[in-house]
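Because the structure is a prediction, the values reported are computed rather than measured.
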There are 2 protein chains.
Amino acid sequence: MDFAYADELNRTIRIVALKHRARAAALLADLGLYPGQEIVLLELDTLGPRKQAELAVSCECEPPTVSQLVRKLEIAGLITRQPSTTDARAIVVDLTDRGRALMGPLKSRWIELAEVTAAGLETTKPDELLSVVHELARSLCPAAALRLDQRFERRSECRQRTIN
Amino acid sequence: MDFAYADELNRTIRIVALKHRARAAALLADLGLYPGQEIVLLELDTLGPRKQAELAVSCECEPPTVSQLVRKLEIAGLITRQPSTTDARAIVVDLTDRGRALMGPLKSRWIELAEVTAAGLETTKPDELLSVVHELARSLCPAAALRLDQRFERRSECRQRTIN
DNA sequence: TACCTAAGATTAGGCGCCTAACTTCCAACC
DNA sequence: GGTTGGAAGTTAGGCGCCTAATCTTAGGTA
């Protein structure tokens with residue numbers, strides 16, 4: 001691979017990463033959330049109460065990160081942390097009513113973020129976009145991509161069919 | 001747009017962002033660099049000595065960020081900071097010999113990062129990959145995408161031609 | 001000349017994210 | 001039943017990145 005291509009690819013991915021996060025930050029700001037926290041909330045909403053260790057896996061970040069995220073979300077009154085009844089080491093995290101009440105607005109911002117992200121597509125179709133980004137994820141972290149596959153099983157099957 | 005699509009798109013982009021940065025961190029670690037610093041060095045190498053304000057623009061980050069990056073790179077002995085002769089407010093940053101000596105290894109890691117990133121592509125061709133990611137950048141931050149266009153003028157013209 | 005807006009840079013403080021090191025507890029094994 | 005290896009969680013410290021506020025200087029205008 002030549003340097004020019006590599007440079008452009010790396011730079012562009014970096015910009016997408018930076019700006020996607022910045023957009024998220026702007027959209028989440030008036031909910032009192034910082035980017036990263038929304039993942040935890042969305043996770044708890046769709047999968048139910050979970051131990052922090054499980055959250056770390058499904059949020060694709062390390063235990064210390066989830067530890068801090070969860071602490072601040074608890075202070076904000078959006079989640080509860082209760083020691084597990086079956087494992088004295090584990091802590092089970094769940095949404096509070098305030099947290100659940102936030103999910104509506106949060107989900108609509110989440111959709112808005114994706115819309116803004118895909119708004120400038122001209123030659124690329126939505127399915128193709130998802131396919132390409134997903135291949136990137138698979139390339140950079142097979143384990144994470146696999147977890148994404150499991151989560152979005154039906155859609156990814158559809159994509160497989162249209163590709164083959 | 002439905003929530004399932006938005007969720008998958010946002011999550012996947014987030015994972016790509018996280019893992020791309022993690023890969024960069026791993027590759028840069030034994031050069032004594034942290035991700036973010038390489039951009040400054042690459043910038044100085046290709047564009048020559050520049051004021052911090054200019055670096056902030058071309059590195060796509062804010063002045064305080066560049067201020068800290070530059071301070072640490074100076075401590076590391078990779079760059080110099082000298083007050084501008086024409087503007088008493090400005091500081092001109094340049095590579096030292098040690099910094100220049102690092103560019104070879106740095107560029108090869110940069111290529112390696114892009115190779116790893118694109119290694120898992122099956123159905124997507126390199127040009128298509130760049131095109132899609134670039135459309136994402138354009139969508140999220142037109143100004144940044146425009147600056148990328150100027151930087152990689154020839155390649156982006158080629159892409160335009162193959163698309164139209 | 002004096003003024004005043006804007007630009008360049010820094011500091012302070014906060015966020016997510018990481019690794020390394022530590023504590024507590026589970027569970028399997030001798 | 002005591003021992004040991006690993007899992008869950010936290011703390012400490014460091015990184016890039018951000019916004020807001022501050023200071024100094026540049027450069028046009030009254």
* Asked: Considering heavy-atom distances to DNA chain C, does A:A88 or B:A53 have its closest nucleotide positioned more toward the 5' end?
  -> B:A53
* Pairwise 5' ranking along DNA chain C for A:L69 and B:D87, keeping only the more 5' one -> B:D87
By salt bridge (charged side-chain N to carboxylate O under 4.0 Å, His left out), which residues pair with [X], not counting sequence neighbours?
| X | result |
| --- | --- |
| B:R147 | B:E60 |
| A:D45 | A:K107 |
| A:E112 | none |

Would you kindly give the [atom1]-to-[atom2] distance between [X] and [N], to the nearest whole Å?
| X | N | atom1 | atom2 | result |
| --- | --- | --- | --- | --- |
| B:L55 | D:dC17 | CG | C1' | 16 Å |
| B:R14 | C:dG16 | CZ | C1' | 9 Å |
| A:K51 | C:dC25 | NZ | C1' | 12 Å |
| A:I91 | C:dC25 | CD1 | C1' | 13 Å |

Excluding sequence neighbours, so at least two apart, what forms side chain to side chain contact (heavy atoms under 4.5 Å, CB included) with [X]?
| X | result |
| --- | --- |
| A:Q82 | none |
| A:D2 | A:A4, A:Y5, B:R155 |
| B:T80 | B:D94, B:T96 |

Identify all side-chain donor-acceptor contacts of residues 24-39 of chain A below 3.5 Å with residues at least two apart in sequence or on another chain.
unit_1	atom_1	unit_2	atom_2	d
A:D30	OD1	A:R109	NH1	3.1
A:D30	OD2	A:R109	NH1	2.7
A:Q37	OE1	A:Y34	N	3.1
A:E38	OE1	A:G36	N	2.6

* To do: Taking only heavy atoms on the protein side, list every residue of residues 24-46 of chain B lying under 4.0 Å from any atom of DNA chain D, sorted numerically.
  => B:Y34, B:P35, B:G36, B:Q37
* To do: Would you confirm whether B:T124, through its side chain, and B:L121, through its main-chain N or O, come within 3.5 Å as a donor-acceptor pair?
  =>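 Side chain of B:T124 to backbone of B:L121: no pair is present.
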* To do: Could you check A:V66 against B:R21 and say which one's nearest nucleotide on DNA chain D is further toward the 5' end?
  =>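 Nearest nucleotide further toward 5': that of A:V66.
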* Asked: Are the side chains of A:L42 and A:M103 in touch, meaning some heavy atoms are under 4.5 Å apart?
  ->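 Counting from C-beta outward, A:L42 and A:M103 do come under 4.5 Å.
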* With a 4.5 Å heavy-atom cut-off, do A:K51 and A:V93 have their side chains touching? -> no
* Closest approach of B:I111 to A:M1 (non-hydrogen atoms, all atoms of both residues) -> CG2-O, 3.7 Å
* Structure fact -> Sequence neighbours excluded, the answer for side-chain hydrogen bond (donor to acceptor under 3.5 Å, both in side chains) partners of B:R151 is B:E43
Distances for protein N/O vs nucleotides 1-6 of chain D N/O pairs under 3.5 angstrom?
unit_1	atom_1	unit_2	atom_2	d
D:dG6	N2	A:R89	NH1	3.3

* Structure fact -> Whether each nucleotide of nucleotides 18-23 of chain C has a protein heavy atom under 4.0 Å at its base (B), only at its sugar-phosphate (S) or at neither (-) is summarised, 5' to 3', as BBB---
* Asked: Is there a side-chain polar atom (N or O) of A:S67 under 4.0 Å from OP1 or OP2 of D:dG9?
  -> no
* **DNA chain C-proximal residues of residues 70-82 of chain B, any heavy atom under 4.0 Å** => B:R71, B:R81
* From the options B:C59, B:S58, B:C61, select the one residue that forms a side-chain contact (heavy atoms from CB on, under 4.5 Å) with B:V40. => B:C59
